[in-house]
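Worksheet: the structure to be examined is printed underneath.
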Amino acid sequence: MSHISKIILKSLFSKPSTAMYPIKKREYYPNTRGAIENDIKSCIFCGICVKKCPTKGLEVLRDQKQWSIDRCRCISCGACVTACPKKCLTMENTYSAPSTEKKVDRYIQPEDKVQ
Ligand code: SF4
Ligand code: SF4
C-alpha cells in the first residue's frame, strides 16, 4: 500500500481535525484577545488611542463626542487599551462578530456623561 493510500485510509477512520463552526462553538481562552469596547461615558476624546492604533482603525470626533472603531481593521493588538488615560477601553474575551461588509461601530457619549 502506498504512503498516500495509508493517509487516505487513516483520514477516513479518524475524527476530523476541524470543528463544525458555527454549530459547535469553541471555548475562548482566558487570555483571548477579542473585541475592543469603550465605556463611552468615561471617554474624554483625547485621541491618544487613535494615534496609537497601528492599523488606523479608530476615529474620534471630539465636537460630536463620538468614538468609532472599524472592526475589519482592528487586529486586537491592545495598544489603544494600554494607552488610554481614562482606562475606558477594554478588550473583551470574545471576537468581533463575523461580517461580510465593512463594519464600523460608533459610540456617542450621552448628555449626562460621567467623567
Ligand atoms: S484614549 Fe481613551 S479617553 Fe482618549 S479618546 Fe481614546 S478611548 Fe477616549
Ligand atoms: S486593538 Fe490595536 S488595532 Fe485594534 S483598535 Fe486598538 S490599537 Fe487599533
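Each ligand, and each atom within it, is numbered from 1 in the order the structure gives. The shown structure was predicted, so the numbers you read here are calculated from the model rather than taken from an experiment.
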Task: Nearest-neighbour protein heavy atom for atom 3 (S) of ligand 1, which is reported as residue plus atom name and distance - done: Ile44 N, 3.5 Å
- [ ] For Phe45, counting its heavy atoms only, list the atoms of ligand 1 lying under 4.0 Å from any of them.
- [x] 5 (S), 8 (Fe)
Open item on the list: Are the side chains of Val81 and Ile36 in contact, using a 4.5 Å heavy-atom criterion?
Closed with: yes
Open item on the list: Measuring only between side-chain heavy atoms, which start at C-beta, is Ile40 closer than 4.5 Å to Pro110?
Closed with: yes
Task: Any donor-acceptor pair under 3.5 Å from Ser42 side chain to Lys86 backbone - done: no
Task: atom 4 (Fe) of ligand 1: nearest protein contact (heavy atom, Å) - done: Cys46 SG, 2.3 Å
Task: Minimal non-hydrogen separation, Trp67 against Cys49, with atom names - done: NE1-SG, 3.4 Å
Task: Residue Asn38 vicinity, atoms of ligand 1 by number, heavy atom under 4.0 Å - done: 7 (S)
TODO: Show which atoms of ligand 1 fall inside a sub-4.0 Å distance from at least one heavy-atom site of Gly47.
DONE: 4 (Fe), 5 (S)
TODO: Just jot down the ligand 1 atoms closer than 4.0 angstrom to any heavy atom of Pro85, in number order.
DONE: 1 (S)
TODO: Identify, by atom number and element, the atoms of ligand 1 in contact range of Leu89, meaning under 4.0 Å from any of its heavy atoms.
DONE: 7 (S)
Task: For atom 1 (S) of ligand 2, the protein heavy atom that lies nearest, with its residue and separation - done: Gly78 N, 3.2 Å
Open item on the list: Check for me: within less than 2.8 Å of atom 8 (Fe) of ligand 2, which protein N/O/S atoms show up?
Closed with: Cys53 SG
TODO: For atom 2 (Fe) of ligand 1, decide whether Cys84 has an N, O or S atom at a distance under 2.8 Å.
DONE: yes
Task: Protein heavy-atom partner closest to atom 8 (Fe) of ligand 1 - residue, atom, separation in Å - done: Cys43 SG, 2.3 Å
Open item on the list: Using only atom types and a distance under 3.5 Å, with no angle test, would you say the side chain of Ser76 pairs donor to acceptor with the backbone of Gly34?
Closed with: yes
Task: Minimum heavy-atom distance Asn38-Cys88, with the two atoms named - done: OD1-SG, 3.3 Å
TODO: Without swapping roles, check the side chain of Gln109 against the backbone of Cys43 for a donor-acceptor pair under 3.5 Å.
DONE: yes
Task: Pairwise side-chain contact, Thr32 with Tyr95, heavy-atom cut-off 4.5 Å (strictly under) - done: yes
Open item on the list: Quick one: does any side-chain atom of Asp70 pair with a main-chain N or O of Leu58 as donor and acceptor, under 3.5 Å?
Closed with: no
Task: Pairwise side-chain hydrogen bond (donor to acceptor under 3.5 Å, both in side chains) hits with a residue in residues 11-25, at least two apart - done: none
Open item on the list: Set out, in order, the CA-CA distance, both residues' side-chain angles and the distance that settles salt bridge (Lys or Arg N to Asp or Glu O under 4.0 Å) for Arg71 and Glu101, then state yes or no.
Closed with: CA-CA 10 Å; Arg71 298 285 177 193; Glu101 53 195 39; over 6 Å; no
